[in-house]
Undergrad: 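Once you've had a glance at the structure underneath, I'll fire off some questions.
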Protein chains: 2
Amino acid sequence: MGDTRTRRPRADAQRNRDSILAAADEAFREQGTGASLEGIARRAGVAIGTLYGHFPNRRALSAGLLRERHTALFELGDELPGRNRPLDALAEWMGAVAVHAAAYRGLAALLMESLDDEASELHQACAQMAAVTGALLAAARAAGTVRADVTGADVHALMNAAAWMREQVPAEQAEHLLDMLVDGLRPGRDSGS
Amino acid sequence: MGDTRTRRPRADAQRNRDSILAAADEAFREQGTGASLEGIARRAGVAIGTLYGHFPNRRALSAGLLRERHTALFELGDELPGRNRPLDALAEWMGAVAVHAAAYRGLAALLMESLDDEASELHQACAQMAAVTGALLAAARAAGTVRADVTGADVHALMNAAAWMREQVPAEQAEHLLDMLVDGLRPGRDSGS
DNA sequence: ACCTGAACACCGTTCAAGT
DNA sequence: ACCTGAACACCGTTCAAGT
C-alpha cells in the first residue's frame, strides 16, 4: 500500500503544468498546433526548459491538451449506438469527431498521421477513435445502410477531412458538406458511371 | 512599336528566377509549401535578397511555381464538357484539381483561402478554377444528376479536401474516397434521416 | 525533483551598399 | 536594374547549473 503507482507531483510542478496547458490552449486556438513554444512558455510564466521538462515535444503537449476532451468524446461514442439507427449514429459520431478535430488548426492532420504511427503520443487516442468508428460502421453495414466497400480507415479520413474543411469555411457550410460526405457512404443504385 | 509592354529582363535575372523556381519546386515537394526560403535560396545559389527581389512573399513564389501547371489544368477544363456526360465531366475535373492541389503539402489550404482573398497572388487562378467548376456544376444540375443544394463553393471545398486527404493516405485509397465524395453529390431518394 | 536561462543552430524579412 | 549579405528579431532544442 502507501503510495500509488504514479507518484504525486510536487505542488509547484503541478501548477506549472497547468499554466502551460492553459497557455497552450490559448495559443493553439489562436495560431494552430504550430504555435510558438517559446511564446507558450512566456504566456505561462515559466522558462522554456520547464515546458520541455513536462512535454518533450509538440505532440506530447497536444496529447496533454486533448486528454479530457478525448474522454468526453469516447463517452459519447459509447452512448450513440443505443440511441439511433446505425447510419444516424455513425453520422453523429463523424460530426462530433469533426468538431473535435477542428478545435485547433492542424489538429486534423495530427490525428490523421497518428493513427498509423505507434510512436505518436496521440496514437492511443486515435486507436480508440478507430475502434468506435469501426463498431459504428459495422452496425451500419449490417443494417445495409452503408456501401460494403467503405473501410474504417475511409471513415477516419473523411471525418478528418470534414474537420479540415471546418477550418476553412463557415460552420453552416461545413455542416452541409458533412451531410454530403455521409450521403456518399450510402449504397448507390448503380455503381457504374 | 519597339519594346513590348513587359520589358525583357536582364539575362542573369532570368537565370536567377529560373534557378529559384527549380529549387523551390524541389523544396516544396519535399517539405511542403512551408519549406525554408533561405534553404531555397541556398539551393538556387543566390543570396536571400535575390529571392525576395523576385518573389516578395511565399504566395508569390507559389504562384510563380504553379503558372504553367495552372494553364494545363484550365485547358483540360475547357475540353471536359464536350467529352463526357455532365456528372462525369465534373467528377474528372474534381479529380484533376485534387491531384493538382496535392502537388505540395499545404497547397490545398492555400488554394482554399485564396478563393476569397483578392490580395492573394493565387486569387486569379482560384477565380478561374471556380469559373470552370461553376460551369461544370451548372451542366450537371441542368441534367438533374446533382443535388440542387450543392454550390460551387461546396465543390471547391470538396476538391481541396480530396487533395488534403491525398497528402495523408495512399493514392489508391484517395481515389476511392473521391469516388464517394462525388457520389454524395448525387440527388438522394429521401432527404430525411 | 524540478526549474532556470544561456547557448547553439536555424529562420523570415529588410535594406544599405555594391555592380 | 539587379545582386549581395549583414543586421535584426525571432524560434526549437539541449543542458549545465542551480534550488
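Note on naming: letters A, B, ... go to the chains in the order of the sequence lines (proteins, then strands), and numbering restarts at 1 for each one.
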Undergrad: Using 0.5 Å steps for rounding, measure from the CG atom of Leu73(A) to the CG atom of Leu66(A).
TA: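 The CG atom of Leu73(A) sits 10.0 Å away from the CG atom of Leu66(A).
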Undergrad: If you measure only the distance, is there a donor-acceptor pair under 3.5 Å linking the side chains of Asn160(A) and Gln168(B)?
TA: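 The answer is no; no qualifying pair exists.
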Undergrad: Tell me if the CD atom of Glu30(A) is crowded by more than 12 foreign heavy atoms within 6.0 Å.
TA: yes
Undergrad: Look up atom CG in Asn84(B) and atom CD in Glu79(B), then write down how far apart they are to the nearest 0.5 Å.
TA: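 So the gap between those two atoms works out to 11.0 Å.
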Undergrad: Tell me the interatomic distance from Gln14(A), atom CD, to dC3(C), atom P, rounded to whole angstroms.
TA: 10 Å
Undergrad: Can a donor-acceptor pair be found between the side chains of Asp117(A) and His123(A) at a distance below 3.5 Å?
TA: no
Undergrad: Counting heavy atoms from C-beta on, name the nucleotide in dA1(D), dC3(C), dC3(D) closest to the side chain of Asn16(B).
TA: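 Taking heavy atoms from C-beta onward, the closest nucleotide is dC3(D).
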Undergrad: Give each stem of DNA chain C as a range with a range, requiring at least 3 consecutive Watson-Crick or G-U wobble pairs whose two distances are under 3.5 Å.
TA: C:4-8 with D:12-16, C:12-16 with D:4-8
Undergrad: Tyr104(B) and Asp25(B): side-chain donor and acceptor closer than 3.5 Å?
TA: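 Per modelled atom types, Tyr104(B) and Asp25(B) side chains form a pair under 3.5 Å.
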Undergrad: Any chain of hydrophobic side-chain contacts (each under 4.5 Å) joining Met180(B) to Leu185(B)?
TA: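 Both belong to a single hydrophobic cluster.
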Undergrad: As a test of reading the structure: which of dA1(D), dC3(D), dT13(D) is closest to the side chain of Glu38(A), going by heavy atoms?
TA: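 Of the candidates, dT13(D) comes closest.
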Undergrad: In residues 41-57 of chain A, which ones come under 4.0 Å of DNA chain C, going by heavy atoms?
TA: Val46(A), Ala47(A), Ile48(A), Gly49(A), Thr50(A), His54(A)
Undergrad: Under 4.0 Å between a Lys/Arg side-chain N and an Asp/Glu carboxylate O for Glu167(A) and Arg105(A)?
TA: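 Salt bridge: no.
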Undergrad: Taking CZ from Arg17(B) and C1' from dC3(D), how many angstroms apart are they, rounded to a whole number?
TA: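 It works out to 16 Å between those atoms.
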Undergrad: Among the nucleotides dG12(D), dA1(C), dG12(C), which one has an atom lying closest to any side-chain atom of Arg10(A)?
TA: dA1(C)
Undergrad: Any side-chain N or O of Ser36(A) below 4.0 angstrom from OP1/OP2 of dC10(D)?
TA: no
